[in-house]
Each structure stands twice: as C-alpha cells, then as structure tokens.
Amino acid sequence: MISVQDLELRAGARLLMDEVSFRIDSGDKIGLVGRNGAGKTTLTRVLAGEGLPAGGKVTRTGEIGYLPQDPRTPDMEQLAKDRILSARDLDKVITKLRKAESDMASEDNGIRDKAMRRYDRLEVEFLANGGYAAEAEAAAISSNLALPERILNQPLKTLSGGQRRRVELARILFSGAKTMLLDEPTNHLDADSIAWLRDFLKNHNGGLIVISHDTELLEATVNKVYHLDANRATIDQYNLGWKKYLAQRETDERARRRERANAEKKAGVLMDQANKMRAKATKAVAAQNMAKRAERLLAGLEEVRAQDKVAALRFPDPSPCGKTPLMAEGLSKSYGSLEIFTDVSLAIDRGSKVVILGLNGAGKTTLLRMLAGVAAPDTGEVIAGHGLKVGYYAQEHDTLDVTRTVLENMRSSAGGMNDAEVRGILGSFLFSGDDVNKPAGVLSGGEKTRLALATIVASSANVLLLDEPTNNLDPASRAEILGALKNYTGAVVLVSHDEGAVAALDPERVVLLPDGDEDLWNQDYLDLITLA
C-alpha cells in the first residue's frame with residue numbers, strides 16, 4: 001500500500017501542504033477533494049512516484065495503477081489492444097507468439113523447427129500470465145468502457161483523445177494493481193460506462209484514491225474523504241462516506257467559527273482590561289499576564305476556512321467580422337482503411353451557436369481541429385471569412401506549450417496587450433504572484449483548463465471552438481464558464497458531454513457526426529449528449 005509521513009508539497013514557492021501524514025491500506029477508498037489548484041493532481045503524482053515532494057517520505061508496496069488527467073502514451077504506433085495487455089506484459093509475449101507463428105509457416109525446416117520450439121516456450125509463459133482468460137478479461141473491461149474490437153485493433157495514433165484516455169483507464173483496471181490512483185476517471189465516458197465503473201470500483205478490494213467531480217461516483221465508491229484545504233495547507237481526513245462527509249464538514253466549520261468568535265470576544269475583553277491597567281505601574285505585571293492569556297486563547301484555535309477564490313471567467317468581446325466568418329466544404333478524414341467521416345460541410349454565421357454531437361470516435365475533436373487549422377482534412381477545405389479570429393480550446397490542452405511558463409503562454413496569445421493587461425487577465429483566472437512563472441507542464445488539469453481559457457480571452461476571438469471546456473473544473477469554476485458561455489455574443493462551436501454546458505450555450509443548430517447532417521436544436525438532443 002502507500003504510507004505518507006510529514007509530506008510537504010509546493011508549487012513553485014507556494015506551499016500546498018505541510019507535515020501531512022496518512023496511509024492507504026487495502027480496502028481504503030478515498031475521495032480526494034478540494035478546489036482547483038489545491039494540489040490534488042500534484043499529490044497523486046507524488047504518490048505514484050512520478051513527482052518528488054519538497055519534504056517528507058512516501059513509502060510504496062505492491063503495484064500501483066495511476067491514471068493522470070492527461071495521459072501520455074510512449075508509442076503511438078502501438079495497437080490499443082496491445083497497450084492494454086502491456087499492463088501484465090502480455091503484449092510482448094503475444095508479439096513473439098505472432099512472430100513464431102509466422103516462422104512456423106516457413107519452407108525452411110530449420111527455421112520452422114526452431115519456431116515450433118520457441119512457440120511452445122512462449123505459450124507456457126503466456127498461460128502463466130493469465131493467457132486466454134486474461135485476454136478475455138481485457139476485452140470485457142474494454143467493451144464496458146465503449147472500446148469495441150474495431151477500436152482495439154487500431155494504432156493509438158488513429159484514436160481520439162477521449163478514446164486514448166479510455167484505453168489508459170482500461171489498462172489500469174486490467175493491471176490488477178492493488179492500489180489505484182485515478183484522476184477524473186469519468187472524463188470521456190458515456191452514462192453506461194460510468195455506471196459500470198462505479199460498480200467496478202465499489203468491488204475493488206485494494207486501495208483507491210479517486211479525484212472526481214462526479215458526486216454520484218464518490219457516493220457509490222468511497223468510504224473516506226480527504227479534503228485538501230488550500231488556505232491552511234493541510235488535509236482534513238474524514239473516515240466517512242460522501243454524504244456523511246458533507247454534513248460533518250459543515251458541522252465542523254460552524255463549530256470552528258463559533259469557537260473562534262467566542263475566543264475573540266474573550267480575548268478582546270482581556271486586552272481592553274490589560275490596556276486600562278498598563279497605565280498604573282503597580283498593575284503592569286498583571287496587565288502583561290492578561291495580554292498573554294488573550295494571545296494564548298487565539299493561538300490555540302484553528303483558522304476558519306477562508307472562502308475559496310473562483311476564477312472570474314468572461315469570454316472576450318468579439319472582433320468585428322463578416323456575416324459568415326467560418327465555412328467548411330467537403331471535409332473528410334480517414335486513417336488507413338478506417339473512415340472517420342466524409343463530405344462534411346458547414347457554415348458558421350456571426351454570433352451563431354452550434355453543438356457537434358456524435359458517439360465517441362465519430363470525429364468531433366477531429367472536426368474541431370480542422371476548423372481551428374491545426375489538422376488538415378484528407379479532402380475538402382476550411383474557408384476563413386472576412387475578419388475571422390478563432391479561439392480554440394483543445395480538450396487535451398494541446399494549445400499550451402508545456403515547456404513555457406504561464407506568463408509566456410499568455411504573451412504569445414495576447415497580441416498587442418501590454419504586460420499589465422496580460423497579468424490582469426491571468427489574475428482574473430487565479431494566476432498571480434509566482435504562479436505566473438510556473439511551467440505550464442506542472443499545472444493540474446483544472447489549472448491548465450483555466451490557462452487555456454485565459455489565452456482565448458486575450459485573443460478577442462469572434463469564433464470560439466470549444467472541445468469539452470468544463471472537464472477538470474471544480475463546480476464553482478464550471479458555473480463561471482457556463483455563465484460566460486451564456487453571455488458571449490460571438491459564434492461558438494461546442495463539443496461537450498456536459499448537458500449543463502450545452503444548455504448554457506442554448507444552441508440554434510446541431511451537427512451530427514459522422515454523417516455531417518444538420519438540424520435545428522431541440523431538447524430531445526439532450527438525451528444524446530449523455531449517451532455519447
């Protein structure tokens with residue numbers, strides 16, 4: 001399992017947590033909560049051994065399965081199926097078996113005989129690692145995560161970002177790791193897959209830490225909640241399920257406020273008396289003792305939880321543009337023999353609101369990337385109208401340069417803005433002080449989301465292309481972006497699994513992939529959003 005002693009974590013110069021200790025034992029299912037930027041992602045990276053603490057000690061025993069928010073796969077040529085099987089090293093054995101099978105068909109007797117002997121040895125190794133039963137188990141997990149055989153037999157480079165993330169989740173669930181660290185595991189899952197994942201995690205008999213904004217998942221799976229308090233740089237540990245935690249936390253905060261108010265009142269009375277008595281030399285010692293008593297009253301109290309800050313999200317006033325700033329004609333995309341979509345045409349008028357719908361893998365992200373000019377179609381063209389200024393939000397934060405700082409990323413998007421204006425926008429998105437000098441690569445998923453949105457605000461875009469913009473945001477920040485989306489007067493093309501985001505956009509039209517059919521928006525399409 002995992003043991004943590006006197007842990008200190010920092011993000012640059014900012015202290016995230018100090019002298020924190022806890023254990024994750026078999027059967028502990030912990031919901032890790034706290035506002036964006038509190039250190040949830042940083043903590044899970046350190047627990048997984050992919051980051052170093054500023055102080056303290058982390059001890060790990062047994063295999064750990066870690067799902068980060070932005071998984072990076074080392075070999076994009078690898079088949080999705082082999083990536084999943086690699087969790088138990090079965091992919092290497094299967095590759096060798098395939099090679100042996102090929103050599104067994106050789107007309108050369110020597111090659112054929114060696115291949116047969118090699119095949120026998122490899123089959124023993126394959127069966128020792130679970131063999132055909134393990135392959136069936138991997139296929140069942142994949143199917144429940146909406147990864148059918150057709151997807152599993154494709155190279156990773158041909159999959160959408162959401163599909164690759166589901167492959168990584170399937171790999172971890174298949175690995176049999178005794179301790180799992182899952183950062184927003186429900187991102188890119190449809191309703192059926194989320195329901196299946198809840199049951200899987202509920203029945204997991206090892207240790208689990210899960211970061212999730214899905215309260216139903218937390219309610220169904222966790223028996224402990226760790227709250228990262230960014231204001232006090234500590235973790236409040238509750239050995240309770242989700243609903244009981246919510247009630248207990250409110251009770252604790254009310255008690256803390258009452259205790260501090262009473263102590264401050266008593267300390268105030270003591271200080272008033274001490275100040276009156278200081279005027280008399282004969283009572284100076286008594287006055288000093290009263291002042292010390294007042295200080296001790298306040299020193300022994302925990303701080304009342306400060307109100308967490310929320311990003312003040314507001315999309316830009318759009319630059320002037322023509323009647324139809326963005327058009328596309330006859331777009332198609334295929335990967336080898338796999339056709340994603342074909343002959344898709346659309347026109348985005350000034351101020352129009354369009355939502356793109358389709359099942360996972362239908363090409364929604366691919367179409368947005370084409371419209372943004374970061375991917376080329378196989379056929380067709382994207383036509384920029386008069387005055388077009390695109391603001392593109394990529395679900396995997398591809399628009400950010402992870403080697404550059406927060407401030408440098410903003411400067412590259414801000415056009416003619418001066419430093420004060422750039423820093424002002426960053427401040428409204430909760431990046432201030434030393435935070436602006438952090439490399440974008442060390443930011444949490446929620447922080448990357450805020451930075452990517454901030455770069456759009458600085459761009460004065462008149463067409464926003466938004467790919468899952470509410471992923472990784474805490475509830476308060478999500479509410480802010482939904483309000484910003486509702487009030488934005490430019491054109492928006494949205495891809496989202498979030499019903500609230502689509503409702504806030506109040507779209508006029510829907511484009512259905514992979515066929516590219518257009519229709520007027522109606523409420524019946526909300527059901528398709530959760531299914532997709």
Compare every heavy atom of [Y] with every heavy atom of [X], then report the nearest pair and how far apart it is.
X	Y	value
Leu426	Met410	CD2-CG, 3.2 Å
Ile348	Leu346	CD1-CD1, 3.7 Å
Tyr488	Pro318	OH-CB, 4.0 Å
Gly65	Ala177	N-CB, 3.4 Å
Leu466	Pro469	CB-CG, 4.0 Å
Gly39	Leu228	C-CD2, 3.5 Å

Would you mind checking if [Y] and [X] are paired as a salt bridge, meaning a charged N to carboxylate O distance below 4.0 Å?
X	Y	result
Glu518	Arg509	yes
Arg83	Asp75	no
Lys81	Glu149	yes
Lys438	Glu447	yes

Of all pairs that satisfy side-chain hydrogen bond (donor to acceptor under 3.5 Å, both in side chains), the ones with a partner from residues 41-52, not counting sequence neighbours
Thr41-Asp183
Give a yes or no answer on whether the side chain of [X] reaches the backbone of [Y] with a donor-acceptor pair at less than 3.5 Å.
X	Y	value
Ser352	Asp349	yes
Thr186	Ile194	no
Ser193	Asn144	yes
Ser496	Asp498	yes
Asp378	Ser334	yes
Asn487	Gly483	yes
Lys486	Ile481	no
Lys353	Ala491	no
Arg198	Glu219	no
Arg350	Pro325	no

[atom1] of [X] to [atom2] of [Y]: how many Å apart, nearest 0.5 Å?
X	Y	atom1	atom2	result
Thr366	Asp467	OG1	CG	9.5 Å
Leu181	Ile211	CG	CD1	8.5 Å
Ile209	Tyr66	CD1	OH	11.0 Å
Glu168	Leu145	CD	CG	12.0 Å
Leu400	Thr455	CG	OG1	6.0 Å
Met370	Phe341	CE	CZ	4.0 Å

If you apply the rule side chain to side chain contact (heavy atoms under 4.5 Å, CB included), what do you find for Val493 with Ile356, and how did you get there?
CA-CA 7 Å; Val493 182; Ile356 299 176; 3.5 Å; yes
Side-chain contact test, heavy atoms from C-beta onward, threshold under 4.5 Å: evaluate it for [X] versus [Y] and give yes or no.
X	Y	value
Gln154	Ile151	yes
Val354	Val492	no
Leu159	Val167	yes
Pro155	Leu79	yes
Leu197	Pro185	yes
Leu464	Leu494	no
Glu137	Ile141	yes
Arg369	Thr365	yes

How far apart are the C-alpha atoms of Asp419 and Arg411, what are their side-chain angles, what is the distance that settles it, and do they pass the salt bridge (Lys or Arg N to Asp or Glu O under 4.0 Å) test?
CA-CA 8 Å; Asp419 245 27; Arg411 283 173 178 155; 2.8 Å; yes
Residue pair [X] / [Y], side-chain donor-acceptor N/O under 3.5 Å:
X	Y	value
Asn462	Ser319	no
Glu63	Thr179	no
Asp401	Thr403	yes

Only one of Arg165, Gln395, His497, Arg164 passes side chain to side chain donor-acceptor pair (under 3.5 Å) with His188, and that residue is Gln395
Using the rule given for side chain to side chain contact (heavy atoms under 4.5 Å, CB included), can you reason through Val502 versus Trp521, listing the C-alpha separation, both sets of side-chain angles and the distance that settles it, and then say yes or no?
CA-CA 11 Å; Val502 176; Trp521 172 260; 3.6 Å; yes
Does the pair Leu201 and Trp196 meet the rule for a side chain to side chain contact (heavy atoms under 4.5 Å, CB included), with working shown?
CA-CA 9 Å; Leu201 297 181; Trp196 175 84; over 6 Å; no
With side-chain contact (heavy atoms from CB on, under 4.5 Å) as the test, pick out the partner of Ile172 among Ile64, Ile84, Leu67.
Leu67
side-chain contact (heavy atoms from CB on, under 4.5 Å) test vs Val436 passes for just one of Thr405, Leu407, Val422, namely Leu407
Evaluation steps, side chain to side chain contact (heavy atoms under 4.5 Å, CB included), between Arg404 and Ser412:
CA-CA 10 Å; Arg404 305 177 76 190; Ser412 66; 3.7 Å; yes
Which pairs of donor and acceptor atoms, one on a side chain in residues 383-393, lie under 3.5 Å apart (sequence neighbours left out)?
| from | atom 1 | to | atom 2 | distance (Å) |
| --- | --- | --- | --- | --- |
| Lys389 | NZ | Ser459 | O | 3.1 |
| Tyr393 | OH | His397 | NE2 | 3.3 |
| Tyr393 | OH | Thr449 | OG1 | 3.1 |

Suppose we screen for side-chain contact (heavy atoms from CB on, under 4.5 Å). Which residues come up paired with Asp519, at least two apart in sequence or across chains?
Val510, Asn522, Tyr525
Evaluate whether atom CE of Met116 has more than 12 neighbouring non-hydrogen atoms of other residues, nucleotides or ligands under 6.0 angstrom away.
no
